[in-house]
Amino acid sequence: MCGIVGIVSQKPVNQNIYDALTVLQHRGQDAAGIMTCDENNRLHLRKDNGLVRDVFHTRHMLKLTGTMGIGHVRYPTAGCSSSAEAQPFYVNSPYGISLAHNGNLTNAESLKENLFREDLRHINTESDSEILVNIFAHELDQGKHPIDENDIFNAISSVHRRCLGGYAVVAMITGHGIVGFRDPNGIRPVVFGKRETSTGVEYMIASESVALDTLGFELIRDIEPGEAVFISKSGELFTRQCAEKPTHSPCLFEYVYLARPDSIIDDISVYKARLRMGEMLADKIMREFPDHDIDVVIPIPDTSRTSALQLANSLGVKYREGFIKNRYIGRTFIMPGQKQRKKSVRQKLNAIELEFKGKNVLLVDDSIVRGTTSQQIVQMAREAGASKVYFASASPMVQYPNVYGIDMPSATELVAHGRSVEEVNELIGSDWLIFQDLDALEESVRRGNPRITRFDASVFNKEYITGDVTQDYLDQLEELRNDSAKNPGSNDAVDDSHHNEEPALIDMHNAR
């Protein structure tokens, strides 16, 4: 769950990349990085743990010179937090290639072994992004020299043949340009656009269209599954389908939770998809609770607001904002340690008592993952005086781990895993609980683009579309993602090891 951006211009790109990363900050709050390439083909890198605003200060921005560059904001998919794995990654040969990546390779371990034994390349971190940049570099080194766009596209075709999983990538080839590409199933999102300026046309590649909008770029379209887009240093645009059998199976959870509502992904407005989710959920409530006594619908901010508003309208019930959010607390479902998650929920939300007192309240959230947040919020609603507390999820039961780049908990830590709706309802303490049906969720999204016939809905149905995810793989994932693995020695401790890391500020031409 990361955000990527790449820009080619005839003017300095450091500020534009910074601005784009702040817009994509919702996709990753663990680390941030920018690498630029100047007119002398010297590379400049700044990356470290933290938010964009904290990683980049004036002294760093002044050193990020150049007219093309790439950027990244990161959430760690394995739960670790280390500046050594902040992106972009860089390899010197051939040409000098830097790469930023959103997603996860499901065959990373075998790729790592093959890189060492056959390609004679050493991987120094646990990040599959480092694997990706080395595979791309190796394949690009197999063609002729000097290279052109055809050699780049051929290398990406080889990457697709070797790599399995979900990935959206932006890479910079020193002295040549920037390339963006997407996995053959189109699981993770990535778009590209252009902006006309007095010095010529500028191009941007980004995880979401909102990054283009805010910087005044015109959205051209999504990069298709398996497709690659290359923008030369001089500003020429080339595209090619590089996968043998691409299919279109975007991640359904992007529309439920991850993406900003003002983004358009695969020609589908995230905002309108969430409106339809609210309509579908209201229809189900009327089927299952036709004589409901709901007085007010209250969203759990922020992602559920759109669905909750439309649900209230469809039911003919008042919509009210009952919780005020502290925006300086991170997302709780990926915080290590149960005690820390419970504490942060109370810090994150505060109830407005007058909206709850003496009322039958329907709380609406986008999803229920661990159940920790839901349980605490139900309790907060009761403490604020609610007579009854009902709970609705705009998505189905999250029962299985995500393997394509979202840091979901291990299966045994998902509250819905192996449980019925009634059992989850009892655990979170609501008076009744309702989940969206999967077919209704898919219809809510598909209505925006009927050409999409299949989604990656694996967190709901355990159907992993790459076809290589075995139970052994899921068992290994369980060991990596559970709380004790993330925090050895203490189930409730917060991993604080990264505070001793040295900030990464590197001039790639003259590192000190």
Side-chain angles (χ1 to χ4, degrees), residues 1-2 4 74-80 85 87 89 91 97 99-142 154-171 180-190 225-228 242-251 253 400-408 410-411 454 456-459 462-481 485:
M1 189 164 72
C2 301
I4 60 173
R74 173 182 181 264
Y75 260 135
T77 54
C80 62
E85 296 190 7
Q87 298 182 38
F89 278 101
V91 291
I97 298 173
L99 180 144
H101 159 230
N102 172 33
N104 184 57
L105 301 182
T106 52
N107 63 336
E109 286 305 311
S110 61
L111 289 171
K112 186 175 182 179
E113 184 176 342
N114 288 338
L115 276 167
F116 181 75
R117 293 183 180 277
E118 299 177 17
D119 300 348
L120 305 181
R121 287 178 174 266
H122 173 69
I123 303 301
N124 198 49
T125 71
E126 296 301 316
S127 173
D128 54 356
S129 302
E130 189 186 9
I131 294 173
L132 255 176
V133 70
N134 275 277
I135 289 176
F136 179 50
H138 174 80
E139 298 300 336
L140 191 59
D141 206 19
Q142 305 308 300
N154 290 338
I156 293 169
S157 294
S158 297
V159 170
H160 288 329
R161 285 191 292 269
R162 295 180 66 175
C163 296
L164 298 175
Y167 50 90
V169 176
V170 61
F181 57 95
R182 192 178 184 188
D183 71 83
N185 292 294
I187 298 172
R188 301 263 68 87
V190 61
E227 185 184 27
C242 297
E244 294 175 359
K245 295 180 180 179
T247 62
H248 207 166
S249 304
C251 175
F253 213 67
Y400 309 102
N402 184 280
V403 303
Y404 300 125
I406 304 174
D407 186 36
M408 291 260 180
S410 63
R454 185 184 184 189
D456 167 45
S458 52
V459 297
K462 205 180 180 181
E463 295 179 8
Y464 296 102
I465 59 177
T466 52
D468 64 320
V469 179
T470 64
Q471 189 57 50
D472 285 344
Y473 181 89
L474 294 176
D475 291 343
Q476 292 174 8
L477 205 65
E478 175 86 18
E479 294 180 7
L480 287 172
R481 290 188 178 178

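Small disclaimer: the values here were computed from a predicted structure and weren't measured. The chain is numbered in sequence order, starting from 1.
In this structure Asp475 satisfies the side-chain hydrogen bond (donor to acceptor under 3.5 Å, both in side chains) test together with Gln471, sequence neighbours excluded. For Glu118, there are no side-chain hydrogen bond (donor to acceptor under 3.5 Å, both in side chains) partners at least two apart in sequence or on another chain. Residues meeting the side chain to side chain contact (heavy atoms under 4.5 Å, CB included) test with Asn107, sequence neighbours left out: Leu105, Ser110, Leu111, Leu164. With sequence neighbours excluded, no residue forms a side-chain hydrogen bond (donor to acceptor under 3.5 Å, both in side chains) with Ser249. Under the side chain to side chain contact (heavy atoms under 4.5 Å, CB included) criterion, Asp456 pairs with Ile187, Cys251, Asn402, Tyr404, Ser458, Ile465, sequence neighbours left out. Under the side chain to side chain contact (heavy atoms under 4.5 Å, CB included) criterion, Pro184 pairs with His160, Tyr167, Ala243, not counting sequence neighbours. Residues meeting the side-chain hydrogen bond (donor to acceptor under 3.5 Å, both in side chains) test with Asn134, sequence neighbours left out: Arg121. A search for salt bridge (Lys or Arg N to Asp or Glu O under 4.0 Å) contacts involving Glu113 returns Arg117, not counting sequence neighbours.
Nearest heavy-atom pair across Asn102 and Pro189 is ND2-CD, 4.3 Å. Scanning both residues, Thr106 and Val403, for their nearest heavy atoms gives CG2-O, 3.7 Å. The minimum heavy-atom distance between Leu474 and Pro401, with the atom names listed, is CD2-CG, 3.9 Å.
Contact annotation: the side chain of Pro225 never approaches that of Thr247 to less than 4.5 Å [non-hydrogen atoms, C-beta and beyond]. Inter-residue side-chain proximity for Glu85 and Thr125 is flagged as met; some heavy-atom pair is nearer than 4.5 Å. When side chains are defined from C-beta on, Cys242 does not count as touching Val159, because their heavy atoms never get closer than 4.5 Å. Residues Tyr464 and Lys462 are in side-chain contact: their nearest non-hydrogen atoms beyond the backbone lie under 4.5 Å apart. At a threshold of 4.5 Å between non-hydrogen side-chain atoms, the residues Leu115 and Ile135 count as touching. Side-chain contact between Val459 and Met408 is present, with at least one heavy-atom pair separated by less than 4.5 Å. Looking only at side-chain heavy atoms (C-beta outward), Val170 and Leu99 stay at 4.5 Å or farther from each other. Looking at Arg188 and Val190, their side chains never come closer than 4.5 Å, going by heavy atoms from C-beta outward.
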### Task
Begin from the C-alpha positions of His101 and Val169 and carry the test side chain to side chain contact (heavy atoms under 4.5 Å, CB included) through to its verdict.
CA-CA 5 Å; His101 159 230; Val169 176; 4.1 Å; yes
### Query
Where do Phe89 and Val133 land on the side chain to side chain contact (heavy atoms under 4.5 Å, CB included) test, with the steps shown first?
CA-CA 7 Å; Phe89 278 101; Val133 70; 4.1 Å; yes
### Task
Output, in order, the C-alpha distance, side-chain angles, deciding distance and verdict of side chain to side chain contact (heavy atoms under 4.5 Å, CB included) for Leu140 and Ile156.
CA-CA 8 Å; Leu140 191 59; Ile156 293 169; over 6 Å; no
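Residues in residues 157-168 take part in these salt bridge (charged side-chain N to carboxylate O under 4.0 Å, His left out) pairs, two or more places apart or across chains: Asp119-Arg162, Glu139-Arg162, Arg161-Glu244.
Judged purely by distance below 3.5 Å, without hydrogens or angles, the side chains of Thr470 and Asp472 never pair a donor atom with an acceptor atom.
No side-chain donor-acceptor contact under 3.5 Å links Glu130 to the backbone of Glu126. Under the 3.5 Å distance criterion, the side-chain polar atoms of Gln87 are left unmatched by any main-chain donor or acceptor of Ser129. Under the 3.5 Å distance criterion, the side-chain polar atoms of Glu227 are left unmatched by any main-chain donor or acceptor of Phe181. Between the side chain of Asp128 and the main chain of Ile131, no donor-acceptor pair closer than 3.5 Å is present.
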